[in-house]
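I have placed the structure first, in the form of C-alpha cells, so that the comments after it can refer back to it.
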2 protein chains.
Amino acid sequence: MEVVEYDKRKCPTHVSTGECTKHLLPVKDALDILSGKWKLQIILSLTFGKKRFKQIQREIPGLTPKMLSKELKELEINELATRHVYDTSPVSVEYEITPYGRTLKPIIEELHKWGSKHRKRIITRSGRSTL
Amino acid sequence: MEVVEYDKRKCPTHVSTGECTKHLLPVKDALDILSGKWKLQIILSLTFGKKRFKQIQREIPGLTPKMLSKELKELEINELATRHVYDTSPVSVEYEITPYGRTLKPIIEELHKWGSKHRKRIITRSGRSTL
DNA sequence: TATAGTGGTTTCCTAAAGTATACCGGTATC
DNA sequence: GATACCGGTATACTTTAGGAAACCACTATA
C-alpha cells in the first residue's frame, strides 16, 4: 500500500487517469469496509453493545458462522472491533465496537441520506409500490 | 421495493433486527451504486465532462467494453448519467453525468475523508511502506 | 450417558462479478 | 480493396462472494 499524495486539481479530463485512480484508493478502502452482505448489519449490531458470537448470529437471521467469523476477523484487522476472551469455563468471547469503529457513523449517515432520497426517486418514477 | 418507515429509536439491542434491516436498505442502495470495480472510476471520469464510449474506455485502463456497457446502462437506469446519440455518420454517442449524479459528491467526499485517515492508520500501525 | 450450548473450522457447492476474445454493421482513410 | 475507428454485442472462461452442512473440543445440565 503506497502512501499516495494526490492533488484534486490534477484530475480534470486531460490528465492521466493514474492520478485519479490514486485519488480513488481511499474511497475504495472505505467502500470495502462497508460493502458485502453482512458487514453493515454486524457493525450496527455491535453499535448497540458488546455481543457474543452466537448472540450476533441469532440477531442476524441467515448469517452463517463461517461468514460471521470471517467478517469479525476483518473488523478486528481494521481496528473497528475488538475480541475479548474471558477465562471462564468454557471460555466466553465478546466482541465490542471500538471508538474508531464509531467514527464510521457520519459516513453511514451520509449513505443513508442519499440512499433514502434515491429510493423515493426511483420508486416514484417507476410507479412501483413493491420490488 | 417497499417504502419503509423506520424509527432510529427502535434499533437498540433488544429490538427485532427486522426494523434495523429496514433502516439499512437505503444505505445498501447507495452502496450498490458505488461499489464494484469500475463504477467510481466511470462516474469520476464523467464528472470532468461529456465523454464518448471509446474515450471512457481509453481513459480507464483494463476496462472492457462489456463492463463499460453494463455500467453505463446502470448509470442511466439510476438517472446518474444520460446517453446522447448524435445523428452524424457514423453515429456518435456521448455520455454525460446528470445534476443528480453530481449529488453523489458529498457521499464520495465523506468516503474519501474516512478512507484517507484509515489508510494512514493501518499503514502506520503495520509499518509497511508498500502493500 | 445423552443432549445442548459455546466458539468456531472445514469441505463442498452455487451464483454473481469480472475477464478475454472475437465479432458485428457502419464509415472513413490509405 | 485493406485497414482502422466507432459503439457496442456474444460467447466462453475464471475468480470471488457467499451458502449448506458437517464437524471439532469443551462444558454444563438432565
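Sequence lines set the chain letters: A, B, ... in the order given, protein chains first and strands last, and positions in each chain run from 1.
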If only atom types and distance count, is the side chain of Glu110(A) paired as donor or acceptor with the main-chain N or O of Ile107(A) below 3.5 Å? no

Do any N or O atoms from the side chain of Thr103(B) and from the backbone of Tyr100(B) form a donor-acceptor pair under 3.5 angstrom? yes

Range on DNA chain C touched by chain B - first to last nucleotide, heavy-atom distance under 4.0 Å: dG18(C) to dA28(C)

How long is the line joining NZ of Lys37(A) and C1' of dT16(D), in whole Å? 15 Å

How long is the line joining NZ of Lys54(B) and P of dT9(D), in whole Å? 11 Å

With sequence neighbours left out, the residues meeting salt bridge (charged side-chain N to carboxylate O under 4.0 Å, His left out) with Lys73(B) are none

Expected output is a numbered-order residue list: members of residues 66-84 of chain A with a heavy atom under 4.0 Å from any atom of DNA chain C. What is it? Lys66(A), Ser69(A), Lys73(A), Arg83(A)

Evaluate the side-chain proximity of Trp114(B) to Pro106(A): yes if any heavy-atom separation is below 4.5 Å, no if none is. no

What contact category does Gly36(B) fall into here, base, sugar-phosphate, or nothing, at under 4.0 angstrom with non-hydrogen atoms? sugar-phosphate

Looking at every strand, decide which applies to Tyr95(A) at a 4.0 Å heavy-atom threshold: base, sugar-phosphate, or nothing. sugar-phosphate

Inspect the contact between Lys51(A) and Glu59(A) and indicate whether a charged nitrogen and a carboxylate oxygen are less than 4.0 angstrom apart. yes

Would you mind checking if Lys39(A) and Glu71(A) are paired as a salt bridge, meaning a charged N to carboxylate O distance below 4.0 Å? yes

Phosphate contact (dA28(D) OP1 or OP2) by Ser89(A) side-chain N/O below 4.0 Å: yes

Assess the side chains of His118(A) and Ser116(A): does a donor N or O sit below 3.5 Å from an acceptor N or O? no

For the residue pair Ile60(A) and Ser45(A), what are the closest heavy atoms and their distance? CD1-CB, 4.4 Å

